[in-house]
Q: 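Take this structure, written in structure tokens, and hold onto it; I'll ask about it next.
Letters go in sequence order (proteins before strands), and every chain restarts at 1.
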2 protein chains.
Amino acid sequence: MSPATRCKAETLLTEAALRRTPPRIAVLQVLLNAREPLNQDQITARLDRDAPNKVTVYRTLQALCAAGIVHRAFVQKRTWYFESAERCTEHQCHPHFTCTGCGRTSCLAEMRLPAVARSYKGYTIQRQRVQLEGLCPKCRECK
Amino acid sequence: MSPATRCKAETLLTEAALRRTPPRIAVLQVLLNAREPLNQDQITARLDRDAPNKVTVYRTLQALCAAGIVHRAFVQKRTWYFESAERCTEHQCHPHFTCTGCGRTSCLAEMRLPAVARSYKGYTIQRQRVQLEGLCPKCRECK
DNA sequence: ACACTAAATGCAACTGAGTTGCAAGAAGAA
DNA sequence: TTCTTCTTGCAACTCAGTTGCATTTAGTGT
Ligand SMILES: [Zn+2]
Ligand SMILES: [Zn+2]
Ligand SMILES: [Zn+2]
Ligand SMILES: [Zn+2]
């Protein structure tokens, strides 16, 4: 882990008024470095020896989500995948793409999405989450 | 249940080359009549005395989803909510709105959504699912 | 109408990510 | 440093979902 990432993690925690504890800094660093959403086991695996108890990871993710630093990106096979919220705007999370061929899910973080209406039939729409489905570049070739 | 709904359910099963068994017809009828996505317990509750075994409901929903007649609309508190696919198009499911105030999720089946690109960086995009978040009409008043 | 076969059902038992309670430990304020 | 409050680790629990298998049934073809 780079010292820059660590610094970023600590800053985010401070801004969210969360205590800067080793487990939180560690988990947040993993998510800041990840290119794809990770589930709890994957986060634990990346921490290896420094991994805290699984309940601590669980509660850490809860706290980070409540603070808005981390998002629950999607659920697959009954497990949640988490990611840093840094590549999402206030009104729109970046889309996730699930391949019907290989089952893999990836972030399309740079994809521009058409904006949705801010209100509809009395509903105030504050945030939009988009899930895409189809064939990934690899599976498209094989087909 | 109206005889029309039953007929519709049986037709859908036949078209999908699925056996028209009592549990399947019953579960499908419930979903065709529902205005909101339902989880397994809610489906069972609506069938009351006629409710099949929970494993049968589970496997029925699996079969209906595999056939594309039913969609897994969203997951909430570790349980899946199902709905008939009749109000979705091939490329776009109707959006679901979750209120951050009361936690309720509702279908915005008539809402028009801007179309998303059919391909992006080598990905072939076949279907789009949109999840919205904000305040529902009731919670907006109270606020 | 009857026999046959592949598919569906019900039951019981299992799975495992998520969740909780509580005692011990650590962060941050005074 | 002391104190208070929040956080952590452990063990135990929850419960929707999942599986295996024996029994039943839908649909097909006599
Ligand atoms: Zn693929
Ligand atoms: Zn992402
Ligand atoms: Zn509401
Ligand atoms: Zn819906």
Q: Atom CD of B/Gln76 to atom P of D/dG17: distance rounded to whole Å?
A: 13 Å
Q: Send over the distance from B/Leu61 CG to C/dA8 C1', rounded to a whole Å.
A: 14 Å
Q: Check whether any side-chain N or O of B/Arg127 sits under 3.5 Å from a backbone N or O of B/Thr89 as a donor-acceptor pair, and report yes or no.
A: yes
Q: A/Lys77 NZ to D/dG17 P: how many Å, rounded?
A: 15 Å
Q: Could you state the atom-to-atom distance from OH of B/Tyr58 to C1' of C/dC14 in whole Å?
A: 13 Å
Q: Less than 4.0 angstrom between a side-chain N/O of A/Arg59 and OP1 or OP2 of D/dT7, yes or no?
A: no
Q: Out of C/dA7, D/dT18, C/dA26, which has the shortest distance to the side chain of A/Arg78?
A: D/dT18
Q: Taking five pairs at each end, how big is the angle between the two axes of the helix from C/dA1-D/dT30 to C/dA30-D/dT1, to 10°?
A: 40°
Q: Check the distance between D/dC6's P and A/Arg20's CZ and give it to me in whole angstrom.
A: 17 Å
Q: Is A/Arg24 close enough to D/dT7 that one of its side-chain N or O atoms is under 4.0 Å from OP1 or OP2 there?
A: yes
Q: Considering only side-chain heavy atoms of A/Pro22, which listed nucleotide, C/dA27, D/dA16, C/dG18, is closest?
A: C/dA27
Q: Could you give the CG-to-C1' distance, from A/Leu64 to D/dT7, as a whole number of Å?
A: 13 Å
Q: Which of residues 30-56 of chain B have a heavy atom under 4.0 Å from DNA chain D?
A: B/Gln40, B/Lys54, B/Val55
Q: So, OP1 or OP2 of C/dA8: does either fall under 4.0 Å of a side-chain N or O from B/Thr60?
A: no
Q: Answer yes or no: side-chain N or O of A/Arg19 and base N or O of D/dT5 forming a donor-acceptor pair under 3.5 Å.
A: yes
Q: To the nearest Å, how far apart are B/Gln62 CD and D/dT19 C1'?
A: 11 Å
Q: Within a strict 4.5 Å, meaning less than it, do heavy atoms of the B/Leu13 and B/Leu28 side chains meet?
A: yes
Q: Tell me whether B/Val130 shares a hydrophobic cluster with A/Phe74, the cluster being built from Ile, Leu, Val, Met, Phe, Trp, Tyr side chains joined at under 4.5 Å.
A: no
Q: Using whole Å, what does the distance between atom C1' of nucleotide D/dC15 and atom CH2 of B/Trp80 come to?
A: 17 Å
